[in-house]
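The chains referred to below are lettered A, B, ... by the order of the sequence lines, with proteins before strands, and numbering in each begins at 1. Since the model is a prediction, treat every value here as computed from it, not as a measurement.
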Amino acid sequence: MNVKSKEAIAAVTEDGRLVDIGEEEKVKNYLSFADEAGREIYWHSTSHIMAQAVKRLFPEAKLAIGPAIEEGFYYDFDIPRPLTDEDLEEIEKEMRKIIQEDLPFRRKEVSKEEAQKIFAERGETYKVEILEEIEESKVTLYEQGEFLDLCRGPHVPSTGYIKAFKLLSVSGAYWRGREDNPMLQRIYGISFDSEEKLQEFLKRREEAKRRDHRRLGRELDLFSLHEEGPGFPFFHPRGMVVINALLDLWRREHLKRGYQEVKTPMILERALWEQSGHWEHYRDNMYFTKIDDRDFAIKPMNCPGGILIFKSQLHSYRELPLRWAELGLVHRHELSGVLHGLMRVRCFTQDDAHIFMEPHQVKQEIIGVIELADYFYRLFDFTYEVELSTRPENSMGSDEMWDLATRSLEEALRELEVDYRVNPGEGAFYGPKIDFHLRDCLGRRWQCGTIQLDFAMPEKFDLYYIGEDGNRHRPVMLHRTVLGSIERFLGILIEQFAGAFPLWLAPVQVVILPIAERHIDYAREIKDVIFSEEIRVEINDENATLGAKIRKAEVEKVPYLAIIGDREMENRTLSIRKRKKGDIGSFTLDELLKNLKREIEEKVVD
RNA sequence: GCCGGUGUGGCUCAAUGGUAGAGCAGCGCAUUCGUAAUGCGCAGGUUAGCGGUUCGAGUCCGCUCGCCGGCUCCA
């Protein structure tokens, strides 16, 4: 938008700064709600309106921060009383008034000291605290009516610009995200430039709930969760079919890429975990037990086990890189409040692998893992986000080691031209990592694949191989997952497909529906043939109408239904119904089998 | 772990402090049916658990546990 239209809410200057309408000089273009930056301004402005409403209703409330987020905005308040849903309605009502009043957002530039004085007078202790950390001598304030906030801006010209909004939820949030700080009340909301868009958003959110893996997992009889094992999921026969179909492919692809499979015990002596550094850095997340008076730990990671295998033999440089994959069941004591269906659990199966290699092989191996992860994610049309996490505070190893490891990861990402974000201080305690994040049906991001480079563990365990020169050399170790946790990945898969898995993953691929009792024998014959072709087939011979059987199969999201009545028996054919599409016509058994096999082989995603 | 909410048959939900009920699913019987729900019947609950208030608690209060939405933390 180069011309200032009536939808314009802010502007971008030629040197790339975002400014208010009215402040603009040398404008490159104007922003509206249609622009990402415009939406952010719109949402941020709505958060100011919400804060104003809260201050009107709760004059004692103290303001913390109120940014725009990916979808919407929030504002944190320190209010003595917990807010209820009724309070939210009152706040919404007040916001409507403020929007009606069409108060202009006024920008003011003041000195930092002056700002501190203003906020101190108003009792806004959090704002004063924020000001203490601002280095610039000048700060900007935004004022609409009686409301004043410390803010960089820009904002929409006036409160009347906000056309439709809704407050979505209240929840607790630590001041500055630190556990030891007081807990504030955070109100989440969203706004749009039309009521229709708001309604569409709310509808989309409602529909997303129907894709929730926790709901579908129960409805499709894939898994269950029980009070008796919080965070420890139970997989049912149908869930295991999906997992095993996935793992079949996983094994084939790993074999193809030169991996070998290993398996290490779930319980290992505490001394091992002390040596690996887990005792020092990861103890709070571990479970412990005692056997014959010796202390053991339930493994939270698979690496020490893999290391013991490595150390069980002398290795030559000719063997490297050694790629050892392990579907390892790990247990981690996660805080009770973070458990979430299959996405966040206390025991999960990592599709782990440890690669032991020579230093010069590092980049190539990282590239290999990135490509493998990409293969799996593309298979399901997942879009994913990549993050590079650097050295955390509580970590082991030297700075040089960390620099080298971090650089290697960066180089591999650059070589493959992968877009990524840097996450400072978020690496593992033994090395930096590249993480792959997938999104669930509500847009929440979950880490799945990870590539962690580790120079520390080989040191701790004195790992070595014999080089070409006949001397001992230290291998570099790489920890990685591709799917991440099988549990989490299944959760994402369920939500991605809303339970309607591609044929190759579907727990039941074909259901045969005999129309009347006299068709059952023939239907069983057909079933046996399909079954012998390793296709997961069931027969619904219960005493119900065809319509009812079809409905049941559709609800269960079975990809193909084969209907058998008098006509089919006579012509030796099957009437085929495709999930969500309906009747697709008559096929001979051979034709059906050929089509099914092709669809399975090609792993068709529709 | 923290903040808030919440917990009634397998599932979805009813029940002014006064006898716990419905639909779906399940089971039985009848029906033998042509592309998303055939009919009738039966069974199923110490209202998450423990304690308290009360003549009387699913309902009010307290504690514990689970779950939901966030925060923090992570695959």
Mark yes when over 12 heavy atoms from residues, nucleotides or ligands other than [X] sit less than 6.0 Å from its [atom1]; otherwise mark no.
| X | atom1 | value |
| --- | --- | --- |
| A:Arg378 | CZ | no |
| A:Asn394 | CG | yes |
| A:Arg178 | CZ | no |

Atom-to-atom span, [atom1] of [X] to [atom2] of [N] - whole angstrom:
| X | N | atom1 | atom2 | result |
| --- | --- | --- | --- | --- |
| A:Glu228 | B:A48 | CD | C1' | 11 Å |
| A:Asn285 | B:C74 | CG | P | 8 Å |
| A:His437 | B:C73 | NE2 | P | 13 Å |
| A:His333 | B:G1 | NE2 | P | 6 Å |
| A:Tyr384 | B:A75 | OH | C1' | 17 Å |
| A:Arg283 | B:C74 | CZ | P | 16 Å |
| A:Asp180 | B:U72 | CG | C1' | 10 Å |
| A:Asp221 | B:A25 | CG | P | 16 Å |

Could you work out the separation of [N] and [M] based on their [atom1] atoms and round it to a whole Å?
| N | M | atom1 | value |
| --- | --- | --- | --- |
| B:U53 | B:G17 | C1' | 12 Å |
| B:G69 | B:C63 | P | 24 Å |
| B:G51 | B:G56 | P | 16 Å |
| B:U59 | B:U47 | C1' | 10 Å |
| B:G10 | B:A48 | C1' | 16 Å |
| B:G44 | B:G21 | P | 13 Å |
| B:A75 | B:G7 | P | 35 Å |
| B:G58 | B:A15 | P | 15 Å |

Handout entry: Results of side-chain contact (heavy atoms from CB on, under 4.5 Å) for A:Asn540 - residues two or more places apart only
Key =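 For A:Asn540 the side-chain contact (heavy atoms from CB on, under 4.5 Å) partners, ignoring immediate neighbours, are A:Val511, A:Leu513, A:Glu542, A:Lys549, A:Lys552.
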
Problem - Residues forming a side-chain contact (heavy atoms from CB on, under 4.5 Å) with A:Asp381, sequence neighbours excluded - result: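 In terms of side-chain contact (heavy atoms from CB on, under 4.5 Å), with neighbours along the sequence ignored, A:Asp381 is linked to A:Gln496, A:Val605.
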
What contact category does [X] fall into here, base, sugar-phosphate, or nothing, at under 4.0 angstrom with non-hydrogen atoms?
| X | answer |
| --- | --- |
| A:Glu517 | base |
| A:Glu426 | sugar-phosphate |
| A:Val345 | base |

Practice task
Would you list the pairs meeting salt bridge (charged side-chain N to carboxylate O under 4.0 Å, His left out) in which at least one residue belongs to residues 228-238 of chain A, sequence neighbours left out?
Solution key: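 Found A:Arg238-A:Glu538, A:Arg238-A:Glu556.
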
Handout entry: salt bridge (charged side-chain N to carboxylate O under 4.0 Å, His left out) contacts in which one or both residues fall within residues 424-439 of chain A, not counting sequence neighbours
Key =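 Found A:Glu70-A:Arg439, A:Glu385-A:Arg439, A:Lys433-A:Asp435.
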
Under a 3.5 Å cut-off for both distances, is [N] Watson-Crick or wobble paired, and to whom?
| N | value |
| --- | --- |
| B:G62 | B:C50 |
| B:G39 | B:C29 |
| B:C73 | none |
| B:G34 | none |
| B:C13 | B:G21 |
| B:G4 | B:C68 |

Exercise for the section: Do nucleotides 34-39 of chain B as a string where each nucleotide becomes B, S or -: B if the base has a protein heavy atom under 4.0 Å, S if just the sugar-phosphate does, - if no protein is that close. Expected result: BBBBB-

Exercise for the section: May I ask you to evaluate whether A:Arg445 reaches the phosphate of B:C74, defined as a side-chain N or O under 4.0 Å from OP1 or OP2? Expected result: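 Answer no for this pair, as no side-chain N or O of A:Arg445 is under 4.0 Å from OP1 or OP2.
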
Handout entry: SB check A:Arg421 A:Glu387 (cutoff 4.0 Å)
Key =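 Yes, this pair counts.
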
Protein-nucleotides 62-71 of chain B N/O pairs closer than 3.5 Å?
unit_1, atom_1, unit_2, atom_2, d
B:C68, OP1, A:Arg214, NH1, 2.9
B:G69, OP1, A:Arg214, NH1, 3.4
B:G69, OP1, A:Arg214, NH2, 2.7
B:G69, OP2, A:Arg214, NH1, 3.1
B:G69, OP2, A:His340, ND1, 3.3
B:G70, OP1, A:Arg444, NH1, 3.3
B:G70, OP2, A:Arg444, NH1, 3.2
B:G70, O3', A:Tyr188, OH, 3.0
B:G70, O2', A:Ser171, OG, 2.5
B:G70, O2', A:Tyr188, OH, 3.4
B:G70, O6, A:Gly337, O, 3.4
B:C71, O4', A:Gly172, O, 3.1
B:C71, O2', A:Tyr174, N, 3.0

Handout entry: Among B:A75, B:U12, B:U72, the one nearest A:Leu335 by side-chain distance
Key =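 My answer, after comparing the listed nucleotides, is B:U72.
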
Practice task
Examine the base of B:C74 for any acceptor or donor lying under 3.5 Å from a partner atom in the side chain of A:Arg332, and report the outcome as yes or no.
Solution key: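 Answer no: no donor N or O sits under 3.5 Å from an acceptor.
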
Exercise for the section: Would you confirm whether the ring centroid of A:Phe223 sits within less than 6.0 angstrom of the ring centroid of A:His236? Expected result: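 So the answer is no for these two rings.
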
Exercise for the section: Map A:Gln185 and A:Glu542 onto RNA chain B by nearest heavy atom, then report which one ends up closer to the 5' terminus. Expected result: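 The residue closer to the strand's 5' end, by nearest nucleotide, is A:Gln185.
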
Practice task
Would you please classify the geometry between the A:Phe497 ring and the A:Phe501 ring as parallel, tilted or perpendicular, with 30° and 60° separating the classes?
Solution key: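 Geometry flag for A:Phe497 against A:Phe501: tilted rings.
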
Practice task
Please report the shortest heavy-atom distance between A:Glu487 and A:Thr349, naming the atom on each side.
Solution key: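 Minimum heavy-atom contact is OE1-N, 2.8 Å.
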
Practice task
Indicate whether the side chain of A:His254 and that of A:Asp351 have a donor and an acceptor atom separated by less than 3.5 Å.
Solution key: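 No, no side-chain donor-acceptor contact under 3.5 Å.
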
